[in-house]
Number of protein chains: 2
Amino acid sequence: MYEKKIPLPLECGLMMTREVLGGKWKPNLLFAIVEGINRPSQLQRAIPGATKRVLNLQLRELEEFGVIAKKIYPQLPPRVEYSLTEVGQTLLPILLQMNTWGEQNRTLIETVIAERSKR
Amino acid sequence: MYEKKIPLPLECGLMMTREVLGGKWKPNLLFAIVEGINRPSQLQRAIPGATKRVLNLQLRELEEFGVIAKKIYPQLPPRVEYSLTEVGQTLLPILLQMNTWGEQNRTLIETVIAERSKR
DNA sequence: TCCTAGGGGGTAAATTTTGTCCCCTATGGC
DNA sequence: GCCATAGGGGACAAAATTTACCCCCTAGGA
């Protein structure tokens, strides 16, 4: 894990949540897990933009924060399944709202990004 | 502005919202603006962890996405006021939920961060 | 003249996050 | 032996972001 050198300003709840959901793929991971895509190889296929390396790192962080639980079946070949914990469940409303907001403002955002890349 | 080299995967709404709210201080800026702390110098005082440089950069991005509006009063010394646009208002529920969630899970998160820094 | 408030910005460094590449265990099929 | 799947991980490089450190402007007051 990377050791932070700048202490986090965590007075406010926003920063807390940012700390948990901050990774690039974490929201998607949580979303996927809720939908039943809960094994590492499935997640890799479901989120093709990310390397398994990064997904593993982010999954581990989510696990550290107690947002997801990892169940390892002692088999060969190994089988691993993630699931949302109770705490993780409480994040769902936020994720759903974020998803909805993003969809509703898709046109706006894509336009801005397109403009930006022109310069 | 920084020019991204890796294209953003924006299929899903989550990524869109991430793009808008992604900056380290953006949620705090929006929160502060809603509370009436809407002039650059006030914001700098309200968010002491960030340089005015960074705040300016992030404010500009928020403005680009049409989330806040910048009003410049043609005076000397100059006076600038930010306000949420209608689109920006629609982000408030998300921010409030994030804030609430963070507060409710403060103990958990602080514990995890403390553990992490021990290693 | 110097300091303050109020606004802004450029450049380079530091920090943090992602990505690339390679390797390991074990089983089973060809 | 070679490939595939299922899981894992480390070293290092690159990209992205944030910060540090300077600088600019105007006007007013001591």
Side-chain angles (χ1 to χ4, degrees), chain A residues 1-10 15 18-29 33 37-65 68 70-82 113 116-117 119, chain B residues 1-10 15 18-29 37-64 68 70-82 113 116-117 119:
Chain A
M1 186 80 63
Y2 189 87
E3 185 181 346
K4 285 195 170 59
K5 295 185 182 173
I6 294 181
L8 291 166
L10 292 175
M15 288 299 202
R18 242 190 73 91
E19 186 64 17
V20 177
L21 290 183
K24 182 167 175 180
W25 308 101
K26 284 181 193 168
N28 302 67
L29 284 170
I33 291 172
I37 304 173
N38 56 358
R39 298 181 57 185
S41 48
Q42 291 177 336
L43 289 166
Q44 287 162 32
R45 281 189 287 268
I47 311 180
T51 333
K52 59 174 187 169
R53 175 106 178 82
V54 180
L55 291 184
N56 275 339
L57 287 174
Q58 307 217 346
L59 284 166
R60 203 187 302 159
E61 288 187 22
L62 289 172
E63 197 194 352
E64 277 186 349
F65 279 113
I68 60 175
K70 179 177 188 174
K71 179 162 187 182
I72 304 175
Y73 295 84
Q75 310 176 349
L76 277 175
R79 176 188 179 87
V80 170
E81 278 182 11
Y82 291 99
I113 292 176
R116 175 193 288 176
S117 62
R119 273 173 298 109
Chain B
M1 184 79 63
Y2 188 87
E3 185 181 346
K4 287 194 168 60
K5 295 186 181 172
I6 294 182
L8 291 165
L10 291 175
M15 288 299 203
R18 242 189 74 90
E19 185 65 16
V20 177
L21 290 184
K24 183 167 176 180
W25 308 101
K26 284 180 193 169
N28 302 66
L29 284 170
I37 304 173
N38 56 358
R39 298 183 55 187
S41 49
Q42 291 177 335
L43 290 166
Q44 288 161 33
R45 281 189 289 268
I47 310 179
T51 332
K52 61 174 185 168
R53 177 105 175 84
V54 181
L55 293 185
N56 276 339
L57 288 174
Q58 307 217 345
L59 284 167
R60 202 187 303 158
E61 288 187 22
L62 288 172
E63 198 194 351
E64 279 186 348
I68 61 175
K70 180 177 187 174
K71 179 163 187 182
I72 303 175
Y73 295 84
Q75 308 175 350
L76 277 175
R79 176 188 179 87
V80 171
E81 278 182 13
Y82 291 99
I113 292 176
R116 178 193 286 177
S117 62
R119 273 172 299 108

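Just so we're on the same page: letters track the sequence lines, and every chain starts at 1.
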Round to a whole Å and report the spacing from [atom1] of [X] to [atom2] of [N].
{"X": "B:R60", "N": "C:dG8", "atom1": "CZ", "atom2": "C1'", "answer": "9 Å"}
{"X": "B:R18", "N": "C:dT18", "atom1": "CZ", "atom2": "P", "answer": "6 Å"}
{"X": "A:R79", "N": "D:dG8", "atom1": "CZ", "atom2": "P", "answer": "13 Å"}
{"X": "A:E81", "N": "D:dG8", "atom1": "CD", "atom2": "P", "answer": "12 Å"}
{"X": "A:L59", "N": "C:dT17", "atom1": "CG", "atom2": "P", "answer": "16 Å"}
{"X": "B:L55", "N": "D:dT19", "atom1": "CG", "atom2": "C1'", "answer": "11 Å"}
{"X": "B:N56", "N": "C:dT11", "atom1": "CG", "atom2": "P", "answer": "17 Å"}
{"X": "A:I72", "N": "C:dT25", "atom1": "CD1", "atom2": "P", "answer": "18 Å"}

For [X] and [Y], work out which heavy atoms get closest and say how close.
{"X": "A:R39", "Y": "A:E81", "answer": "CG-CG, 3.8 Å"}
{"X": "A:I47", "Y": "A:L29", "answer": "CD1-CD2, 3.8 Å"}
{"X": "B:L55", "Y": "B:A50", "answer": "CD2-CB, 3.7 Å"}

Between A:K70 and B:G22, the residue closer to the 5' end of DNA chain D by nearest nucleotide is A:K70
Testing B:N28, B:N56, B:N38, B:I37 one by one against B:L43 for a side-chain contact (heavy atoms from CB on, under 4.5 Å), which residue passes? B:I37
Taking the axis from the first five pairs and the axis from the last five, what angle separates them in the helix from C:dT1-D:dA30 to C:dC30-D:dG1, rounded to 10 degrees? 30°
Side chain of B:R18, backbone of A:G22: donor and acceptor closer than 3.5 Å? yes
Give a yes or no on whether the backbone of B:K26 and the side-chain of B:Q58 come within a donor-acceptor separation of less than 3.5 Å. yes
According to side-chain contact (heavy atoms from CB on, under 4.5 Å), who are the partners of B:K70, at least two apart in sequence or on a separate chain? B:E63, B:I72, B:V80, B:Y82
Measure from the side-chain heavy atoms of B:V80 and tell me the nearest of D:dT18, C:dG8, C:dG19. C:dG8
Using the side-chain heavy atoms of B:P40, tell me which of these nucleotides is nearest: D:dG7, D:dT19, C:dG7. C:dG7
Could you tell me the separation between the OG1 atom of B:T51 and the CH2 atom of B:W25, rounded to the nearest 0.5 Å? 8.5 Å
So, taking the atom named CZ in B:R79 and the one named NZ in B:K71, what distance separates them when rounded to the nearest 0.5 Å? 10.0 Å
Tell me what B:Q58 touches on the nucleic acid: a base, only sugar-phosphate, or nothing, going by heavy atoms under 4.0 Å. sugar-phosphate
Grab the N/O contacts between the protein and nucleotides 20-23 of chain C below 3.5 Å, and write none if there aren't any.
residue	atom	partner	partner atom	Å
C:dT20	O4	A:R53	NE	3.4

